[in-house]
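In what follows, every chain begins at residue 1, and chains take the letters A, B, ... in the order their sequences are listed. Computed from heavy atoms alone, side chains included, the values below leave out hydrogens, waters and symmetry copies.
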2 protein chains.
Amino acid sequence: MSIAPSVIAHIAPVPPQAYAHPMPSGRWNEMAKGACTEDSARPAHVVAALGAPVTFARNSEIFGDDQAAENVYVVVSGVVRICKLMGDGRRQIEAFCLPGDAFGWETGERYRFSAEAVSECRLVRVKRSVLFARAGTDPELACALWALSFAELQRAQEHLLLLGRKTAQERVGSFLLDLARRSGTTNASHVTELQLAMSRQDMADFLGLTIETVSRTLTYLEEQGTISLPSSRRVLLRDRSALRRLDS
Amino acid sequence: MSIAPSVIAHIAPVPPQAYAHPMPSGRWNEMAKGACTEDSARPAHVVAALGAPVTFARNSEIFGDDQAAENVYVVVSGVVRICKLMGDGRRQIEAFCLPGDAFGWETGERYRFSAEAVSECRLVRVKRSVLFARAGTDPELACALWALSFAELQRAQEHLLLLGRKTAQERVGSFLLDLARRSGTTNASHVTELQLAMSRQDMADFLGLTIETVSRTLTYLEEQGTISLPSSRRVLLRDRSALRRLDS
DNA sequence: CGACAACTTGACCATTATCAAGCAAGGTGG
DNA sequence: CCACCTTGCTTGATAATGGTCAAGTTGTCG
């Protein structure tokens with residue numbers, strides 16, 4: 001049931017031993033002081049330790065809307081999209097899950113959205129029954145569960161502001177900055193490079209725009225010198241202050 | 001520290017004794033089976049039992065963005081709005097909290113949004129330090145915490161679809177149905193009556209529209225015979241199937 | 001009754017969507 | 001190795017939804 005340290009290690013640089021000795025009352029005390037933030041990779045590890053690794057090919061479905069909600073997943077590598085579909089085909093991507101993120105939380109019996117692999121990805125699959133049964137006796141796990149689903153809530157809340165009140169330029173700018181924060185690499189001359197795992201259509205469905213508007217906006221930002229697009233899936237953030245102005 | 005039963009009683013019809021005898025491993029076992037839904041008022045009680053009642057006047061601030069996050073609140077009566085503001089004054093209301101809802105969750109040291117009383121309201125204020133300290137040793141409380149913040153997440157996720165992909169009519173329709181589900185009263189002839197606690201501006205900022213569009217859309221729905229507006233703050237849902245078609 | 005806030009309505013405008021080509025990169029078969 | 005096809009992306013022209021600005025109306029409260 002437990003997974004190899006080599007797999008877990010990809011989530012973050014915290015060594016597996018770090019959670020080998022659960023504390024008496026878990027992490028709740030630190031949470032009370034607001035001290036859990038500096039250690040944000042830990043909850044993923046605590047949960048991942050209870051599951052088994054699985055891999056999914058690009059564009060394959062991890063689970064579908066309305067399926068029985070049996071598992072929770074932690075991303076080890078790759079990118080996952082969480083989607084909601086409307087009857088007529090309109091799609092909203094609620095989140096892109098990157099390494100260290102968890103998804104598939106439910107209180108009811110069925111998933112309320114589908115999850116698909118944006119790129120080839122490795123996940124840890126944890127049985128919900130195992131997770132919740134243990135949470136009843138293991139405060140550290142209970143805290144980890146709360147922290148992980150709370151992280152989702154925070155992202156969702158930021159996203160609400162974006163979808164409700166931001167312009168197309170602001171949406172794209174915020175998106176690029178968020179990706180940079182979560183997965184970008186910055187070089188010596190302060191240029192951040194991003195590899196976009198997702199298509200323009202994915203970006204559009206995440207940002208509440210059309211594919212054409214996303215494309216036009218990226219072109220515009222490049223004309224302004226704010227970003228460069230060496231290829232359609234690679235972005236260089238040249239002027240972060242201009243992007244931050246858009247992020248507001 | 002504990003609040004009077006008469007205050008708690010307004011949240012839901014579950015008597016206070018119901019949680020006087022905590023179960024050995026809390027509610028996690030039920031959660032594992034997806035059985036927590038039928039009992040959704042309980043988490044609010046479990047948390048509220050640790051706090052003290054407070055009241056806020058109409059339009060007063062409960063806490064502000066960036067303030068120290070010391071408390072979590074449970075709504076007993078009235079309506080609370082959770083807001084995010086942008087530098088230039090654009091506002092997004094992330095949620096309206098009704099009796100039984102909890103708000104003010106944070107992992108960090110500061111709130112990331114403000115909360116204001118839409119109508120005069122009674123709340124239970126619970127110290128975060130108390131809550132988290134107890135959660136470490138009380139699995140039932142840990143479960144309640146998770147259930148309450150998870151309920152927020154679910155609402156936020158539904159809202160993402162609304163803001164990202166729905167038309168103005170669909171937004172207003174979904175909003176009315178959601179309010180009806182949470183607070184409406186249906187009479188013998190299947191007409192549901194709603195009392196709107198919030199202004200048109202609040203609705204607009206919640207739905208990602210302008211006040212004018214909200215007003216026009218309501219007028220249009222009334223012309224179609226889908227709703228009636230006996231006064232600007234009272235709505236009768238006359239044709240729920242038409243609304244549900246909009247909800248999709 | 002008057003003042004003010006909240007709401008509605010109208011006319012016009014802008015941002016973003018839609019529809020339609022065209023282009024570029026990557027893979028396949030001849 | 002090159003023509004061909006497919007897929008994903010970009011660009012252009014036009015349309016529509018919802019936003020803006022402005023004027024009225026309703027309702028509430030002193």
Side-chain angles (χ1 to χ4, degrees), chain A residues 58-59 81 86 88-93 116 118-119 162-176 194-224 227-235 246, chain B residues 57-59 79 81 86 88-93 118-120 162-176 194-224 227-235 246:
Chain A
R58 196 160 176 277
N59 286 323
R81 60 176 174 253
M86 292 179 68
D88 59 2
R90 278 175 284 177
R91 183 176 74 154
Q92 178 64 41
I93 294 183
E116 296 157 7
V118 170
S119 58
L162 181 146
L163 292 174
R165 287 298 179 221
K166 291 190 181 178
T167 65
Q169 278 184 49
E170 290 168 335
R171 292 180 200 206
V172 173
S174 300
F175 174 71
L176 293 176
L194 279 180
Q195 196 69 40
L196 301 177
M198 65 292 292
S199 68
R200 294 290 187 271
Q201 186 64 62
D202 285 341
M203 289 174 61
D205 288 342
F206 180 71
L207 298 174
L209 300 169
T210 59
I211 183 173
E212 293 94 335
T213 300
V214 170
S215 186
R216 276 187 249 270
T217 306
L218 286 170
T219 303
Y220 173 80
L221 289 176
E222 186 173 31
E223 283 167 356
Q224 301 299 304
I227 63 171
S228 302
L229 289 161
S231 80
S232 70
R233 297 291 183 106
R234 279 184 59 220
V235 187
L246 289 175
Chain B
R58 197 159 176 278
N59 286 322
V79 178
R81 60 176 174 253
M86 291 179 69
D88 59 1
R90 279 175 283 178
R91 183 177 75 154
Q92 178 64 41
I93 294 183
V118 170
S119 57
E120 160 116 11
L162 181 146
L163 292 175
R165 288 298 180 221
K166 292 190 181 177
T167 64
Q169 277 183 51
E170 290 168 336
R171 292 179 201 207
V172 173
S174 300
F175 174 71
L176 293 176
L194 279 181
Q195 196 70 40
L196 300 177
M198 66 291 293
S199 69
R200 294 289 187 270
Q201 187 63 62
D202 284 341
M203 288 174 61
D205 289 342
F206 180 71
L207 297 174
L209 300 169
T210 58
I211 184 175
E212 295 93 335
T213 301
V214 170
S215 185
R216 276 188 250 271
T217 305
L218 286 170
T219 303
Y220 173 80
L221 289 175
E222 186 172 31
E223 283 167 357
Q224 301 299 304
I227 63 172
S228 303
L229 288 162
S231 81
S232 70
R233 298 289 184 104
R234 278 185 59 221
V235 186
L246 288 176

Can you sort out the partners of B/R91 under side-chain hydrogen bond (donor to acceptor under 3.5 Å, both in side chains), two or more places apart, ordered by chain and number?
-> B/D202, B/D205
Quick one: does A/Q92's side chain get under 4.5 Å of A/L163's, heavy atoms only?
-> yes
For A/T167, check side chain to side chain contact (heavy atoms under 4.5 Å, CB included) against everything at least two apart and list the hits.
-> A/Q169, A/E170, B/R90
Would you please name every residue forming a side-chain hydrogen bond (donor to acceptor under 3.5 Å, both in side chains) with B/S232, sequence neighbours left out?
-> none
Which distance, rounded to the nearest 0.5 Å, do you find between the CZ of A/R165 and the CD1 of B/I93?
-> 9.0 Å
Describe, as an angle rounded to 10 degrees, how the axis at the first end of the helix from C/dC1-D/dG30 to C/dG30-D/dC1 is tilted relative to the axis at the last end, five pairs per end.
-> 30°
Hey, does B/M198 have a side-chain heavy atom less than 4.5 Å from the side chain of B/R81?
-> no
Can you sort out the partners of B/R234 under side-chain hydrogen bond (donor to acceptor under 3.5 Å, both in side chains), two or more places apart, ordered by chain and number?
-> B/E193
Which heavy atom of B/L176 sits nearest a heavy atom of B/L194, and at what distance?
-> O-CD1, 3.6 Å
Taking 4.0 angstrom as the limit, do B/E120 and B/R58 come out as a salt bridge?
-> no
Find every protein N or O atom lying less than 3.5 Å from an N or O atom of nucleotides 23-30 of chain D, and list the pairs.
none

Check step by step if side chain to side chain contact (heavy atoms under 4.5 Å, CB included) holds for B/L209 and B/R171.
-> CA-CA 9 Å; B/L209 300 169; B/R171 292 179 201 207; 4.1 Å; yes
Looking at every strand, decide which applies to A/T167 at a 4.0 Å heavy-atom threshold: base, sugar-phosphate, or nothing.
-> sugar-phosphate
Can I get a per-line list of side-chain donor-acceptor pairs under 3.5 Å for residues 214-223 of chain A, giving both atom names and the distance, sequence neighbours left out?
from: A/T217; atom 1: OG1; to: A/T213; atom 2: O; distance (Å): 2.6
from: A/T219; atom 1: OG1; to: A/S215; atom 2: O; distance (Å): 2.9
from: A/E222; atom 1: OE2; to: A/L229; atom 2: N; distance (Å): 3.0

Salt bridge (Lys or Arg N to Asp or Glu O under 4.0 Å) pairs touching residues 206-215 of chain B, sequence neighbours excluded, are none
Note: chain B reaches DNA chain C at heavy-atom distances under 4.0 Å over the stretch, first to last nt, 5' to 3', of C/dA6 to C/dA11
Are any protein N/O atoms closer than 3.5 Å to N/O atoms in nucleotides 9-13 of chain D? If there are, list each pair with its distance.
from: D/dC9; atom 1: OP1; to: A/R233; atom 2: NE; distance (Å): 2.9
from: D/dC9; atom 1: OP1; to: A/R233; atom 2: NH2; distance (Å): 3.3
from: D/dC9; atom 1: OP2; to: A/R200; atom 2: N; distance (Å): 3.1
from: D/dT10; atom 1: OP1; to: A/R200; atom 2: NH2; distance (Å): 3.2
from: D/dT10; atom 1: OP2; to: A/R200; atom 2: NE; distance (Å): 2.8
from: D/dT10; atom 1: OP2; to: A/S215; atom 2: OG; distance (Å): 2.7
from: D/dT10; atom 1: O5'; to: A/S215; atom 2: OG; distance (Å): 3.0
from: D/dT11; atom 1: OP2; to: A/T219; atom 2: OG1; distance (Å): 2.6
from: D/dG12; atom 1: N7; to: A/R216; atom 2: NH1; distance (Å): 2.7
from: D/dG12; atom 1: O6; to: A/R216; atom 2: NH2; distance (Å): 3.1
from: D/dA13; atom 1: N6; to: A/R216; atom 2: NH2; distance (Å): 3.4

